[in-house]
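Atoms considered below: every heavy atom in the structure, side chains included; atoms not considered: hydrogens, waters and symmetry mates. Throughout, protein chains are lettered first and strands after them, A, B, ... in sequence-line order, and every chain is numbered starting at 1.
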Protein chains: 2
Amino acid sequence: MKTSQKFFDHFIRLYRPFEGRLNVLLSEHGLYRAQWTVLYYIRNYGSATLVELAAYQGVEKPTMSRTIHRLVELGYLETTPTQDRREKKMQLTALGKEQYEKVRVALDAFEESILEGVSEEELEEAIQMMIDIRNRITEK
Amino acid sequence: MKTSQKFFDHFIRLYRPFEGRLNVLLSEHGLYRAQWTVLYYIRNYGSATLVELAAYQGVEKPTMSRTIHRLVELGYLETTPTQDRREKKMQLTALGKEQYEKVRVALDAFEESILEGVSEEELEEAIQMMIDIRNRITEK
DNA sequence: TGATAATAGTTAGCTTGAGTAACTTTATTA
DNA sequence: TAATAAAGTTACTCAAGCTAACTATTATCA
């Protein structure tokens with residue numbers, strides 16, 4: 001069997017249980033994965049528009065629109081207008097930052113526990129590989 | 001930022017576009033990912049019960065039950081009874097095998113194209129890493 | 001051996017989170 | 001300035017996961 005087949009088979013089979021456990025962890029804090037990834041992005045990039053978030057996550061605008069609305073309702077996100085009046089820049093509220101840090105602690109513990117034994121170097125190599133593969137997917 | 005955070009961020013961000021492209025490719029053959037992974041398993045392991053398939057893919061029995069029923073309706077799967085009359089062993093029909101090979105060709109081309117430049121050795125290392133991580137997730 | 005527990009699979013109903021199509025409002029460009 | 005593009009929304013559909021509760025069969029053990 002081709003190694004490429006095995007690679008993507010294992011890739012899918014790792015994703016599903018990971019997402020399952022991630023959702024359990026997040027649900028203890030009243031969040032879902034799609035919401036969390038928005039908080040993650042904004043926390044690390046400062047602020048973002050809907051289009052920027054959708055592009056980053058590889059989803060369509062309506063999908064992101066709903067996720068953002070939920071986060072605003074939850075009080076974790078707020079918008080500020082820009083010169084371009086079509087746009088809304090999103091930032092974390094104080095509550096949003098607080099919530100992010102709370103979840104971050106739990107998530108770090110989980111992620112580090114399942115990466116036990118994997119060296120920093122291996123992780124960095126895997127990250128670079130994932131970036132390269134994603135680029136080849138999106139550029140086609 | 002912790003490397004573990006980056007790792008899983010990139011992991012999720014690779015999965016989504018990959019699954020999107022996979023579904024486009026499969027839809028050209030009238031299949032979905034969940035169905036394809038069943039054909040894949042049975043093609044490589046000969047036959048399987050529902051419980052075996054569900055465990056392999058990390059989904060619940062009702063989820064797998066529906067996927068299997070669709071594949072039977074499509075004429076790709078058939079069941080044979082075993083001594084244990086609770087069980088149903090699933091095999092590919094002739095049509096199922098034909099369909100598998102057809103899709104396999106297209107999927108190999110796609111998968112190999114996006115893995116261009118990644119060495120066999122790197123792939124094997126990544127596969128082993130994914131196996132280790134999945135084991136740590138499921139054993140907890 | 002006979003009652004109880006476990007296992008294989010199904011049915012019904014819910015949910016997340018993705019998609020497309022079509023739209024409004026504002027900005028850009030030809 | 002008229003046409004086009006871009007940001008975001010609304011309405012609707014769909015795949016694919018979940019739990020709860022069920023039937024039928026097999027295994028266990030008191």
Interatomic distance where [atom1] belongs to [X] and [atom2] belongs to [N] [whole Å]:
X     : N      : atom1 : atom2 : value
A:Y15 : D:dG17 : OH    : P     : 11 Å
B:Q35 : D:dA16 : CD    : P     : 6 Å
A:Q57 : C:dG19 : CD    : P     : 11 Å
B:E87 : C:dA6  : CD    : C1'   : 14 Å
B:H69 : C:dT11 : NE2   : P     : 5 Å
A:M90 : D:dT9  : CE    : C1'   : 14 Å
A:I68 : D:dA7  : CD1   : P     : 13 Å
B:R85 : C:dT10 : CZ    : P     : 16 Å

Within 45° of the axis and under 6.0 Å from the centre of the six-membered ring of A:Y56, does NZ or CZ of B:R13 qualify?
-> yes
Selected nucleotide, minimal atom distance to [X] side chain, candidates [options]:
X     : options                : value
A:Y32 : C:dT16, D:dG8, C:dT10  : C:dT16
A:R16 : D:dA15, D:dC18, D:dT10 : D:dC18
A:R66 : C:dT26, C:dA18, D:dA16 : C:dA18
B:K61 : C:dG9, D:dC18, C:dG17  : C:dG9
A:K88 : D:dT25, D:dG8, C:dT26  : D:dG8
A:P62 : C:dG9, C:dA21, D:dT26  : C:dA21
A:R70 : C:dG17, C:dA8, D:dT9   : C:dG17

Taking only side-chain N and O atoms of [X], does any of them lie within less than 4.0 angstrom of OP1 or OP2 on [N]?
X     : N      : result
A:R33 : C:dA18 : yes
A:T49 : D:dA7  : no
B:T63 : D:dA16 : no
B:S65 : C:dT10 : yes

Taken to the nearest 0.5 Å, the spacing of B:Y40 OH from A:I12 CD1 works out to 9.0 Å
When B:L71, B:T93, B:T67 are each screened for side-chain contact (heavy atoms from CB on, under 4.5 Å) with B:L77, the one that passes is B:L71
Whether the side chain of B:R86 and the base of D:dA24 hold a donor-acceptor pair under 3.5 Å is what I'd like checked. no
Between A:E112 and B:K2, does any NZ, NE, NH1 or NH2 come within less than 4.0 Å of an OD or OE carboxylate oxygen? yes
By nearest-nucleotide position on DNA chain C, the 5'-leaning member of B:V51 and A:T82 is B:V51
- Task: With heavy atoms under 4.0 Å as the rule, sort A:Q83 into base, sugar-phosphate or nothing.
- Result: sugar-phosphate
Minimal heavy-atom distance between B:M130 and A:F11, with the atoms involved, is SD-CA, 3.6 Å
Worksheet item: Are the side chain of B:E52 and the backbone of B:T49 linked by a donor-acceptor contact shorter than 3.5 Å?
Response: yes
